[in-house]
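Whatever order the structure lists them in is the order used to number ligands and atoms, beginning at 1. Throughout, residue positions are numbered sequentially from 1 according to the sequence presented.
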Amino acid sequence: LRKLQVAERLALDELLDRVMVGHIGLTVDGQPVVVPTGIARLEDAVVVHGSTGSPWMRAVAEGTPTCLAVTSLDGIVVARSAFESSLHYGSAVIFGRFERLEGDDKERALEVLTEKLLPGRVAEVRPPTRHELNKTMVLSVPIERWSLKVSDGWPDDSAEDVAGSTWAGVVPLTERAGLARPAPDLRPGVPVPASVAVLTGGVPSRSGRGGRCGP
Ligand SMILES: Cc1cc2nc3c(=O)[nH]c(=O)nc-3n(C[C@H](O)[C@H](O)[C@H](O)COP(=O)(O)OP(=O)(O)OC[C@H]3O[C@@H](n4cnc5c(N)ncnc54)[C@H](O)[C@@H]3O)c2cc1C
């Protein structure tokens, strides 16, 4: 049983580390609302960030009960019948109350969020200014009460359908980076950074504006 629990927590961490976006559910004045937001795992917690002026973030920061759903769509299960057709996915739901992070904890969480978006980027950009930090709210929810569901099986067709001539199998779905497009206001000669080159599978370009980056 212990091994199973550890395996499940590892699977949860793998999902949280892979998926960029979560959906936070909360109730505001009796109205349920679900808000999409970027997420990152920081040890035994999930962190999110946004504007200090954001109404939903302020509500969450006050300790209102929330639910965070994280989903990865991994494939289409093509069964021999529409009834048995389904999806491969990893899906987690985390319940709890968020706490506001301050000081070093806040800055560490922001680094983790930036690295989640683009690994290696923190070392390539300037540190945030005091003004930027003041305008940003960072919240953390502990990974304590959660559920995880993983669907990764083959079609579960009836013997009658298997004996027939209809194709069955799985079509994997993955996210992949496209070609990096330089910003219209990029100064000539600014090279593509290593973080972007690694993400897109391209070689860092020295040519800047015309720089091609990708497969
Ligand atoms: C993929 C993705 C990633 C995002 N990542 C972040 C992030 O890391 N940090 C961040 O602060 N924001 C992120 N956002 C935007 C986020 O969903 C909110 O829009 C944002 O936080 C501002 O919310 P607000 O304070 O204006 O909303 P509130 O004023 O609290 O919301 C009021 C109402 O506005 C509507 N609303 C708010 N957001 C949305 C939305 N996204 N789509 C449709 N209706 C909406 C809802 O009806 C809501 O009830 C992300 C959005 C997406 C789709």
Side-chain angles (χ1 to χ4, degrees), residues 12-75 87-143 146 148-149 173-181 183 193 195-196 199-200 214:
L12 175 71
D13 287 358
E14 188 275 330
L15 180 73
L16 294 174
D17 292 346
R18 186 162 51 92
V19 175
M20 296 263 202
V21 176
H23 289 78
I24 295 179
L26 66 154
T27 308
V28 180
D29 300 331
Q31 169 66 54
V33 55
V34 177
V35 188
T37 192
I39 60 147
R41 185 178 64 86
L42 180 46
E43 292 157 8
D44 290 332
V46 176
V47 291
V48 302
H49 83 300
S51 164
T52 47
S54 163
W56 76 265
M57 290 218 48
R58 291 165 85 113
V60 168
E62 280 164 18
T64 190
T66 61
C67 158
L68 166 67
V70 177
T71 310
S72 163
L73 182 56
D74 302 323
L87 297 170
H88 275 180
Y89 60 83
S91 179
V93 177
I94 298 172
F95 303 93
R97 294 169 198 265
F98 281 81
E99 274 183 2
R100 202 165 167 163
L101 297 184
E102 300 292 356
D104 291 347
D105 292 340
K106 176 177 174 176
E107 291 190 38
R108 179 146 179 253
L110 286 171
E111 284 187 3
V112 169
L113 282 157
T114 304
E115 287 290 303
K116 175 82 175 282
L117 199 66
L118 193 53
R121 193 59 177 155
V122 166
E124 294 173 344
V125 292
R126 61 165 176 77
T129 64
R130 189 57 42 202
H131 180 63
E132 288 169 340
L133 287 171
N134 288 341
K135 281 171 61 178
T136 306
M137 194 187 310
V138 179
L139 302 169
S140 162
V141 63
I143 303 172
W146 53 272
L148 175 72
K149 196 166 174 179
L173 296 177
T174 51
E175 277 179 346
R176 56 180 224 135
L179 289 178
R181 293 185 294 155
S195 62
V196 171
L199 184 72
T200 58

Using atom types as modelled and distance alone, determine if a side-chain donor or acceptor of Glu124 lies under 3.5 Å from a backbone N or O of Ser195. yes
Once rounded to the nearest 0.5 Å, what's the spacing between atom CG of Asp74 and atom CD of Glu175?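 CD of Glu175 is found 9.5 Å from CG of Asp74.
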Show the short N or O contacts, below 3.5 Å, that ligand 1 makes with protein N or O atoms; if there are none, say 'none'.
from     : atom 1 : to    : atom 2 : distance (Å)
ligand 1 : 5 (N)  : Gly38 : N      : 3.1
ligand 1 : 8 (O)  : Thr37 : OG1    : 3.4
ligand 1 : 8 (O)  : Gly38 : N      : 3.2
ligand 1 : 9 (N)  : Thr37 : OG1    : 3.4
ligand 1 : 9 (N)  : His49 : O      : 2.7
ligand 1 : 11 (O) : His49 : O      : 3.3
ligand 1 : 17 (O) : Pro36 : O      : 2.6
ligand 1 : 21 (O) : Trp56 : NE1    : 2.8
ligand 1 : 23 (O) : Trp56 : NE1    : 3.4
ligand 1 : 25 (O) : Ser54 : OG     : 2.7
ligand 1 : 25 (O) : Pro55 : N      : 3.4
ligand 1 : 30 (O) : Trp56 : N      : 2.7

State, to 0.1 Å, how close Thr200 and Gly178 come at their nearest heavy-atom pair, and which atoms those are. CG2-O, 3.3 Å
Output every pair passing side-chain hydrogen bond (donor to acceptor under 3.5 Å, both in side chains) with a member in residues 25-34, not counting sequence neighbours, ordered by first then second residue.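 Every candidate side-chain hydrogen bond (donor to acceptor under 3.5 Å, both in side chains) pair involving residues 25-34 fails, so no pair, neighbours aside, qualifies.
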Quick one: side-chain hydrogen bond (donor to acceptor under 3.5 Å, both in side chains) partners of Glu43, sequence neighbours excluded?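 For Glu43, the residues satisfying side-chain hydrogen bond (donor to acceptor under 3.5 Å, both in side chains) (neighbours in sequence not counted) are Arg108.
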Only distances under 3.5 Å count here; give the side-chain donor-acceptor pairs of residues 56-68 to other protein atoms, sequence neighbours excluded, each with its distance to 0.1 Å.
from  : atom 1 : to    : atom 2 : distance (Å)
Trp56 : NE1    : Ser54 : OG     : 3.4
Arg58 : NH1    : Thr52 : O      : 2.9
Thr66 : OG1    : Gly96 : O      : 2.7

